[in-house]
2 protein chains.
Amino acid sequence: MVKYKSIAEQIRNRIINKEYDASKPLPDQEKLAKEFGTSRVTIIKALNLLSIEGLIYSKQGSGTYIRKNALQMSKLDSRADEYVGVTEQIKGNGKISSVIIAFNVRFPNEDECEKLMITKSQPIYDIVRFRLLNEEPFLIEHTIMPVHVIPNITEEILQKSIYQYIKNDLGLTMLGANRRIRADQPDELDQQYLKCTERDPVLEVIQVVYLDNGVPFEYSRTRHRYDMGDILVVDMKYKN
Amino acid sequence: MVKYKSIAEQIRNRIINKEYDASKPLPDQEKLAKEFGTSRVTIIKALNLLSIEGLIYSKQGSGTYIRKNALQMSKLDSRADEYVGVTEQIKGNGKISSVIIAFNVRFPNEDECEKLMITKSQPIYDIVRFRLLNEEPFLIEHTIMPVHVIPNITEEILQKSIYQYIKNDLGLTMLGANRRIRADQPDELDQQYLKCTERDPVLEVIQVVYLDNGVPFEYSRTRHRYDMGDILVVDMKYKN
DNA sequence: GAGTGGTCTAGACCACTAG
DNA sequence: TAGTGGTCTAGACCACTCC
């Protein structure tokens with residue numbers, strides 16, 4: 001663990017445990033540097049992390065302050081696996097299970113080539129999964145992934161989590177994603193699996209997900225029941 | 001303009017103008033530091049900015065590379081005013097006009113106090129606007145804002161942009177927002193103004209927007225016609 | 001092993017806030 | 001004017017990649 005991350009973690013814990021008076025600024029950077037036996041630059045990097053998380057904010061010439069709803073915000077992280085930051089209660093209780101509707105390999109069309117930055121001759125997986133949350137219909141997910149980027153996908157992996165396979169078995173890490181969110185009328189597949197009527201909207205998320213080396217590995221379209229959780233987006237600027 | 005931002009800008013321009021060979025890494029940090037007559041740390045800060053923008057990525061021990069779809073990505077910014085990153089074509093052509101449906105001042109309820117971090121005795125604006133894009137029904141926006149944070153709002157301001165007033169006239173800057181996105185069935189107001197039928201879903205965004213001093217100033221609920229643009233979310237990790 | 005990015009230091013000066 | 005965060009330097013060592 002690098003130093004600045006470890007320091008950030010310690011300060012984060014102090015804030016969460018209310019060891020700092022939230023009505024006053026944190027100790028200044030100089031003092032923190034002395035306390036942690038490090039240089040000011042390292043403290044700045046640590047504070048930066050917390051500032052990105054939305055836990056604190058700095059005001060030049062004044063000090064570094066704890067954001068009032070720091071605790072609320074610190075929960076709002078969204079990983080791609082559960083990118084739908086399904087509301088907290090769901091996150092806590094929920095068990096997700098998957099039914100594989102389709103699992104094929106084929107060549108990509110032009111749009112897919114462009115989105116995944118591959119050529120027409122590079123095969124892709126074409127996966128459709130129906131997912132349930134606590135046995136209730138939750139979403140339908142259409143996913144394509146280049147075979148050469150994410151090799152050896154099996155049905156067993158699809159039953160669980162593709163992301164865990166990518167992370168734990170392939171040792172790859174994700175950089176992030178580009179998402180496009182919209183509402184739509186339900187199509188036949190939606191009505192069949194999500195058990196919704198013609199009047200029940202679906203929430204659609206189309207995303208391209210990238211590895212940390214900049215290679216896109218997933219292009220997917222996910223359709224949610226409108227009453228099963230919403231999407232949380234935290235969008236904070238950062239300082240450098 | 002600080003040095004590292006200026007350097008980032010220059011490198012960004014070179015990338016966009018294809019002055020660097022995208023198939024090879026950028027010059028290493030040492031070389032860039034020498035070229036720009038600065039230290040390596042400053043170059044790192046500049047590259048960091050570009051990395052956050054998604055234009056480049058670094059691989060330890062290897063080099064700094066241009067992301068292949070760099071140009072695409074660099075367009076995907078989302079300001080809060082137009083937080084609905086209405087798809088590009090709309091962004092380009094669109095003219096937004098507003099009709100004020102309601103504009104009142106009242107005391108907040110408990111939920112509103114909590115979201116805006118104010119007390120029950122601090123009055124708020126309560127605004128409902130119907131907004132059109134190129135004369136077509138686009139969205140309905142319910143907004144509340146604390147009067148003491150954003151004083152002197154007038155109907156004239158509401159006709160244009162609240163955000164421009166906040167930025168230009170009040171001299172305040174936004175830090176960001178917390179958004180919650182979902183699909184919903186249309187209610188009566190939606191059907192009346194957005195001209196949608198019972199089967200046309202709406203896309204709802206509930207957001208709390210913050211100033212850069214950490215004070216929330218807006219709590220709003222916006223309901224969109226489902227066929228008028230979607231929401232773009234770029235969610236990239238950054239280093240440090 | 002050579003080259004490159006990641007982290008860290010100690011110290012300096014500047015920009016801004018607030019009393 | 002004193003105190004605080006923001007930027008910057010020059011140099012060091014480490015971690016990792018790739019040959």
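Every chain is numbered from 1 and lettered A, B, ... according to where its sequence line falls, protein lines coming before strand lines.
Going from atom CD1 of A:Ile56 over to atom C1' of D:dT4 covers 14 Å, rounded to whole Å. We find that CD of B:Glu30 is positioned 12 Å from P of C:dG3, with the value rounded to whole Å. Atom CD in A:Gln29 sits about 12 Å away from atom C1' in D:dG3, given to the nearest Å. D:dG3 atom P lies 17 Å from atom NZ of A:Lys24, rounded to whole Å. Taking atom CG of B:Leu26 as the reference point, atom C1' of C:dT4 lies 12 Å away to the nearest angstrom. Taking atom NZ of A:Lys45 as the reference point, atom P of D:dG6 lies 15 Å away to the nearest angstrom. D:dG5 atom P lies 13 Å from atom CG of A:Asn48, rounded to whole Å. Distance, A:Leu47 CG to D:dT7 P: 13 Å, rounded to whole Å.
The phosphate of D:dT7 has OP1 or OP2 within less than 4.0 Å of a side-chain N or O from B:Tyr4.
Under 4.0 Å is where a charged nitrogen must lie from a carboxylate oxygen, and between A:Glu35 and A:Arg14 at least one such pair does. Comment: A:Glu112 engages A:Arg106 in a salt bridge, judged by a side-chain N to carboxylate O separation of less than 4.0 angstrom.
Checking C:dG19 for Watson-Crick or G-U wobble geometry (two distances, each under 3.5 Å) identifies no partner in any strand.
With hydrogens and angles left out, the side-chain atoms of B:Asp111 and B:Tyr219 include a donor and acceptor closer than 3.5 Å. Remark: the A:Tyr163 side chain and the A:Glu218 side chain contain an N/O donor-acceptor pair separated by less than 3.5 Å.
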Verdict with supporting geometry, B:Ile127 and B:His142, side-chain contact (heavy atoms from CB on, under 4.5 Å): CA-CA 6 Å; B:Ile127 302 162; B:His142 305 253; over 6 Å; no

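Within the model, atoms NZ of A:Lys24 and CG of A:Leu26 stand 11.5 Å from one another, a figure rounded to the nearest 0.5 Å.
With a 4.5 Å cut-off on side-chain heavy atoms, B:Ser98 and B:Leu158 do not count as touching.
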Contact pattern, 5' to 3', of nucleotides 9-19 of chain D - B, S or - by protein heavy atom under 4.0 Å: BB-B--BBBS-

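Base engagement by A:Ile44 is indicated by at least one non-hydrogen atom pair under 4.0 Å involving a base atom.
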